[in-house]
Amino acid sequence: AAMSRKGVKLLLDSLIRSAKHFNRSEVECLIKLFDTLVAKSSSHFAGAGFNRTVFRDILYSAFGMTDDVVLDRVFSTFDRDNDGCITVVEWVEGLAVLLRGTLEEKMKHCFAVYDLNGDGYISREEMFQMLKNSLLIQSADEEPEEGVKDLVEIALKKMDHDHDGKLSFTDFEKAVRDENLLLEAFGPCLPDIK
């Protein structure tokens with residue numbers, strides 16, 4: 001559904017305020033790109049946005065993200081109203097965090113991606129799932145599950161500051177602030193620097 005000129009201007013002004021890491025021309029480009037993607041997607045959301053499949057293709061082709069679990073979780077962090085469709089607002093605001101977010105915003109994003117069941121904690125099982133998916137198996141004679149379990153224990157030892165056997169956002173935040181490399185400790189969920 002084509003928007004009126006006034007509607008487009010209101011949307012643009014609103015997005016410039018909410019996606020504060022982009023300037024006006026960048027937001028305009030992202031809206032145009034969104035419209036192109038929606039037109040190409042020909043999904044039943046036509047006009048409203050695009051679905052998980054189109055979104056995954058974009059993350060794969062634009063950012064080289066390949067892990068299925070991560071792609072689904074990133075989709076969930078973008079799709080804030082949980083309707084299975086990425087709207088133009090979710091698209092621009094999500095990309096603002098993904099591409100230009102502050103450390104705080106990126107920590108919240110990564111934590112949400114890793115918290116598979118959305119209970120506010122990254123459990124041993126969730127760490128195991130994420131690491132199992134993102135690690136390459138090195139040697140044929142080593143049991144891969146054991147290596148992943150060892151990594152989970154190492155991560156907990158390093159990051160679980162309150163020693164409750166799972167990571168709260170507070171644990172995660174403290175660990176990442178102490179060592180920025182831990183931001184993507186359980187799998188790549190941000191685009192690489194390119």
Side-chain angles (χ1 to χ4, degrees), residues 17-22 52 55-56 58-60 62-84 86-87 89-138 142-194:
R17 282 192 302 276
S18 64
K20 53 192 173 294
H21 303 302
F22 292 131
R52 183 179 302 264
F55 184 75
R56 288 171 63 129
I58 296 161
L59 289 187
Y60 175 75
F63 305 129
M65 296 170 86
T66 56
D67 184 313
D68 286 340
V69 175
V70 169
L71 289 169
D72 281 342
R73 294 298 304 149
V74 173
F75 178 86
S76 298
T77 64
F78 270 67
D79 182 21
R80 290 195 310 259
D81 61 3
N82 210 16
D83 66 352
I86 302 290
T87 64
V89 172
E90 290 169 335
W91 165 248
V92 175
E93 290 177 355
L95 283 176
V97 171
L98 208 62
L99 299 175
R100 304 252 177 92
T102 62
L103 179 60
E104 183 74 25
E105 289 168 328
K106 286 182 176 177
M107 282 190 288
K108 286 181 179 153
H109 166 77
C110 291
F111 187 85
V113 168
Y114 300 146
D115 179 12
L116 299 176
N117 65 3
D119 69 352
Y121 293 95
I122 305 170
S123 67
R124 271 188 164 81
E125 293 73 35
E126 289 166 329
M127 287 179 212
F128 183 82
Q129 283 304 95
M130 296 301 299
L131 288 170
K132 190 176 81 174
N133 290 324
S134 65
L135 291 175
L136 299 170
I137 306 309
Q138 294 299 335
E142 189 184 325
E143 186 60 42
E145 305 263 312
E146 287 310 309
V148 176
K149 283 180 185 161
D150 292 346
L151 276 174
V152 168
E153 293 312 315
I154 291 167
L156 277 169
K157 195 171 275 180
K158 175 111 179 107
M159 300 172 83
D160 182 17
H161 295 289
D162 59 8
H163 307 293
D164 62 354
K166 56 190 177 184
L167 296 185
S168 64
F169 181 72
T170 309
D171 288 332
F172 184 73
E173 182 180 30
K174 179 167 181 10
V176 171
R177 287 194 190 283
D178 291 346
E179 177 50 76
N180 287 152
L181 291 174
L182 291 173
L183 182 61
E184 293 183 274
F186 305 112
C189 56
L190 293 167
D192 62 27
I193 217 74
K194 289 183 302 203

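Here Gln129 pairs with Leu116, Lys132 under the side-chain contact (heavy atoms from CB on, under 4.5 Å) rule; sequence neighbours left out. Every residue was checked against the salt bridge (Lys or Arg N to Asp or Glu O under 4.0 Å) condition with Glu90, not counting sequence neighbours, and none meets it. In terms of the salt bridge (Lys or Arg N to Asp or Glu O under 4.0 Å) criterion, Glu179 has no residue partners (sequence neighbours excluded). Residues meeting the side-chain contact (heavy atoms from CB on, under 4.5 Å) test with Thr66, sequence neighbours left out: Tyr60. Listed by chain and residue number, nothing satisfies the side-chain hydrogen bond (donor to acceptor under 3.5 Å, both in side chains) test with His161 (two or more places apart in sequence, or in another chain). For the side-chain hydrogen bond (donor to acceptor under 3.5 Å, both in side chains) test, no residue two or more places apart in sequence or in another chain qualifies with Asp81. Take Thr77 and apply the side-chain contact (heavy atoms from CB on, under 4.5 Å) test, not counting sequence neighbours, and it matches Val74, His109, Ala112, Val113. Legend: residues meeting salt bridge (Lys or Arg N to Asp or Glu O under 4.0 Å) with Asp119, ordered by chain and number and at least two apart, are absent. For Arg80, the salt bridge (Lys or Arg N to Asp or Glu O under 4.0 Å) partners two or more places apart in sequence, or in a different chain, are Glu93. Glu125 is linked by a side-chain contact (heavy atoms from CB on, under 4.5 Å) to Ser123, counting only residues two or more places apart in sequence or in another chain.
The distance from the CZ atom of Phe63 to the CG atom of Leu99 is 4.5 Å, given to the nearest 0.5 Å. Asp83 contributes atom CG, which lies 8.0 Å from atom CD1 of Ile86 (distance to the nearest 0.5 angstrom). Distance check: Met107 CE to Lys174 NZ gives 12.0 Å after rounding to the nearest 0.5 Å. Atom CE in Met159 sits 10.0 Å away from atom OG in Ser168 (nearest 0.5 Å).
Note on Glu173 versus Arg177: salt bridge recorded, some NZ/NE/NH1/NH2 to OD/OE distance being below 4.0 Å.
For the salt bridge (charged side-chain N to carboxylate O under 4.0 Å, His left out) condition, no pair includes a residue of residues 155-172, sequence neighbours left out. For residues 106-115, every residue pair satisfying the salt bridge (charged side-chain N to carboxylate O under 4.0 Å, His left out) rule, not counting sequence neighbours, is listed here: Glu104-Lys108.
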Residue pair Arg56, Phe75: steps toward the side-chain contact (heavy atoms from CB on, under 4.5 Å) verdict: CA-CA 8 Å; Arg56 288 171 63 129; Phe75 178 86; 5.7 Å; no
